[in-house]
Amino acid sequence: MSHTPDNSSAEAGDAGSLEASRRIKLQKIIDLGHDPWGSRFDDRSYVRDIRARTGEIQYLTTDGRTLALPPDFTAETFDRKKWKADQGPGELTGPKVRAAGRVVLQRDTGKLRFVNIRDWTGNIQLFIGKNQVGEENWTLAGLVDLGDLIGVDGELRYTNTGELTIFAEKLHFHAKSIESPPDKYHGLADAEIRQRMRYVDLAYSEGTLERFLNRTKIVQSIRSTLGGQGFVEIEGPTLHTIAGGAAARPFVTHHNALDMQLYLRIALELHLKRLMVGGMERVYELGRVYRNEGISPRHNPEFTMLEVYQAYGDYGSMMDLTEQLICDAIKAVDGNYQRPWGEQTVDFTPPFQRETYDDLFAKHVGVDPQDAAAVKQVAEEIGFDTKHKHAAVIKSEVFEEKVEDALTGPIFVLDYPASICPLTKRNAKNPEVAERFELFIQGMEVANAYTELNDPDLQEQLFKTQLDGQAEEDSMAKMDHDFIRALRHAMPPAGGLGVGIDRLVMLLTNSPSIRDIILFPLLRPEG
RNA sequence: GAGAUCGUAGCUCAGUCGGUAGAGCAACGGACUUUUAAUCCGUGGGUCCUGGGUUCGAGUCCCAGCGAUCUCACCA
């Protein structure tokens, strides 16, 4: 009973028969002598490029004159009928083009069909007339459903209403969509389906494909900017024996042959610094890191991080680089420095604001940041537990609570309390201050940079200090003897930078959730 | 991990006081050679997330579970 699909049930309209009616058409396409799964299709143009050829469309009069169209020919107010009458009898001619794409709209007016196809550069209308394409193509056109992939050969012209259109001469069938597409106007609205079936979201939802292509442009721009400044990209290990370089809980895994516990990396830092010891003076990695933490609109367990290290630089050089990376990325997207973010607008015009941690603290908290007792009092007023906590930790918690959300930015926050920065070089004049900045935009930490600590003895001591009284996985400082050994071979003084690529992409594409800019975010398995 | 909200046709969504399931799009049949979210006429389509409970009667109320969204916590 339940073997092959029963075509006769297609007259009903239930879910099964939506598929059945498509399968019937699939069979009819085969019967017509076409392969419903298509084949190589050479020399087709992208819709964007076809749309760029409107200048080749002309008016050919019956007495042989070829006339250029007036520039406002497609304007809504332009009387095309009258213009043609004024030129004398004739017709539009245009270039022969070949396009391919997904059918996203269809209008059947009897012996005439309008079909909109979309490729990854744009959308264009096809005109398919029964008398114009011939019997076989017309029959094939009748077997096309929304969501199918088709190709067309035809002439690029305007319709009577001024719509740029490919007037089909031959149709090609490339692939049948057995599944029905979502609502042709609203697309997919259900956030769960959009993420679980990203292919459907990309294919049919307004702006999704463009958003992810913009992500790619941003990443390409970053590589290009760094390459242009002589940085080399490397690939470090993602399986670590010590999950160092950041404070986060790692994913734990196991290697069978060596019978050892391994961690998925939570940061890129320590291996890149080893490479600087080895003489890679400008080096970066742009890759995935994994943190076994909560999921939220701003957190995904795997996310993309950029870390850059520049020998003989410092955090000042990293500030300039950060600004350039972001400005170049904006140029790669659309070049607009005034960028929407929800209801607000963020101004990315360089140079970005720069303020010290202590100045911002004083401004937003209203307390002298050097006055540990006053800071502690504020923390207690907020309701923080201050017992057994280092003054800098308390200060940091108050900063995160009172200051960070207020930083609409872009703003560089400079000079952090040294004791919360175990991998950072201290300021020569004031060892209480670490040469570190973070870039905040709309309350989000987008970048984090240091003048890198390269004193192996101090590094070893700071690792040990941080370990005291703190669970190892909660600390940025995890003793890594090989890393210390590397520093003992001399790492050049350097600037180092980390950028949260996902958050940068969120900001530059006005996407409120990290899941809008990660193609396949982690979801619970389907029920 | 905690709380709030949500889950109804393939998709987008209504569903009143608890009274036996609705629309648009999509599909199917018909008309139409310049439409464009085409239009017009007609037809079919439901495990109301799952499982219990209350009730004469549950899409609706209660409990549990599953999944999602948001907020909080952790974190970037």
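Here is the naming used below: chain letters follow the sequence lines, and residue numbers restart at 1 for every chain. The model shown is predicted, which means the values in this text are computed figures rather than measured ones.
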Visitor: Could you please name the option among B:G1, B:C32, B:U35 that lies closest to any side-chain atom of A:T159?
Guide: B:U35
Visitor: Can you check whether A:R196 has a side-chain N or O nearer than 4.0 Å to OP1 or OP2 of B:A68?
Guide: yes
Visitor: Within the 4.0 Å heavy-atom criterion, would you say A:E445 contacts the bases, only the backbone, or no part of the nucleic acid?
Guide: sugar-phosphate
Visitor: Please tell me if A:R107 has a side-chain N or O lying less than 4.0 Å from either OP1 or OP2 of B:A38.
Guide: yes
Visitor: Are A:E435 and A:E452 packed together at the side-chain level, in the sense that at least one heavy-atom pair is separated by less than 4.5 angstrom?
Guide: no
Visitor: Which one is paired to B:A9, where only Watson-Crick or G-U wobble pairs with both distances under 3.5 angstrom count?
Guide: none
Visitor: Could you work out the separation of B:A58 and B:C48 based on their C1' atoms and round it to a whole Å?
Guide: 11 Å
Visitor: Could you tell me the Watson-Crick or G-U partner of B:C56, where both distances fall under 3.5 Å? Say none if there is no partner.
Guide: B:G19
Visitor: In whole Å, what separates the C1' atom of B:U39 from that of B:C25?
Guide: 15 Å
Visitor: So, do A:F412 and A:F437 have ring centers that fall under 6.0 Å from each other?
Guide: yes
Visitor: Does A:R515 place a side-chain N or O at less than 4.0 Å from the phosphate oxygens OP1/OP2 of B:U69?
Guide: yes
Visitor: Counting side-chain heavy atoms from C-beta on, which of B:C32, B:U34, B:C28 comes nearest to A:T161?
Guide: B:U34
Visitor: For the side chain of A:I193, starting at C-beta, report the closest nucleotide among B:C74, B:U69, B:C11.
Guide: B:C11
Visitor: Would one find a side-chain N or O of A:R291 under 4.0 angstrom from OP1 or OP2 of B:A76?
Guide: yes
Visitor: Does the side chain of A:S511 pick up a donor-acceptor pair with the side chain of A:R503 at under 3.5 Å?
Guide: no
Visitor: Measure from the side chain of A:S513, starting at C-beta and using heavy atoms only, and say which of B:U12, B:U35, B:C70 lies closest.
Guide: B:C70
Visitor: In whole angstrom, give the distance that lies between atom CD of A:Q442 and atom C1' of B:A76.
Guide: 17 Å
Visitor: Taking 4.0 angstrom as the limit, do A:R215 and A:D502 come out as a salt bridge?
Guide: yes
Visitor: My understanding is that a pair needs two contacts under 3.5 Å, Watson-Crick or G-U wobble. By that rule, which nucleotide pairs with B:C72?
Guide: B:G1
Visitor: So which nucleotide from B:G1, B:C11, B:U34 ends up closest to the side chain of A:L188?
Guide: B:C11
Visitor: Compare side-chain N and O positions of A:Q125 against OP1 and OP2 of B:U34 and report whether any pair is under 4.0 Å apart.
Guide: no
Visitor: Check the angle between the aromatic planes of A:Y290 and A:F251 and answer parallel, tilted or perpendicular using the 30° and 60° thresholds.
Guide: perpendicular
Visitor: Does any part of the side chain of A:I117, heavy atoms only, come nearer than 4.5 Å to the side chain of A:V104, both counted from C-beta?
Guide: no
Visitor: Between B:G45 and B:G24, how many Å separate the two C1' atoms, rounded to a whole number?
Guide: 15 Å
Visitor: Who does B:A31 pair with, Watson-Crick or G-U, both distances under 3.5 Å?
Guide: B:U39
Visitor: What's the closest nucleotide to the A:P182 side chain, out of B:C11, B:C32, B:C13?
Guide: B:C11
Visitor: Under 4.0 Å: is that the gap between some side-chain N or O of A:K184 and OP1 or OP2 of B:A26?
Guide: yes
Visitor: Counting heavy atoms from C-beta on, name the nucleotide in B:U12, B:A27, B:G1 closest to the side chain of A:D183.
Guide: B:U12
Visitor: So what does A:G129 hit on the nucleic acid, given a heavy-atom distance under 4.0 Å: a base, only sugar-phosphate, or nothing?
Guide: nothing
Visitor: Can you identify which nucleotide, out of B:C70, B:U69, B:A73, has its nearest atom closest to the A:Q195 side chain?
Guide: B:U69
Visitor: Under 4.0 Å: is that the gap between some side-chain N or O of A:R113 and OP1 or OP2 of B:U35?
Guide: no
Visitor: Once you apply a heavy-atom cut-off of 4.0 Å, does A:E192 come out as touching a base, just sugar-phosphate, or nothing?
Guide: sugar-phosphate
Visitor: The side chain of A:A189 is closest to which nucleotide in this list: B:U35, B:C13, B:U34?
Guide: B:C13
Visitor: Name the closest nucleotide to the A:L105 side chain, picking from B:C13, B:A37, B:A76.
Guide: B:A37
Visitor: Looking at B:A38 and A:F114: do their rings stack (centroid distance under 5.5 Å, interplanar angle under 30°)?
Guide: no
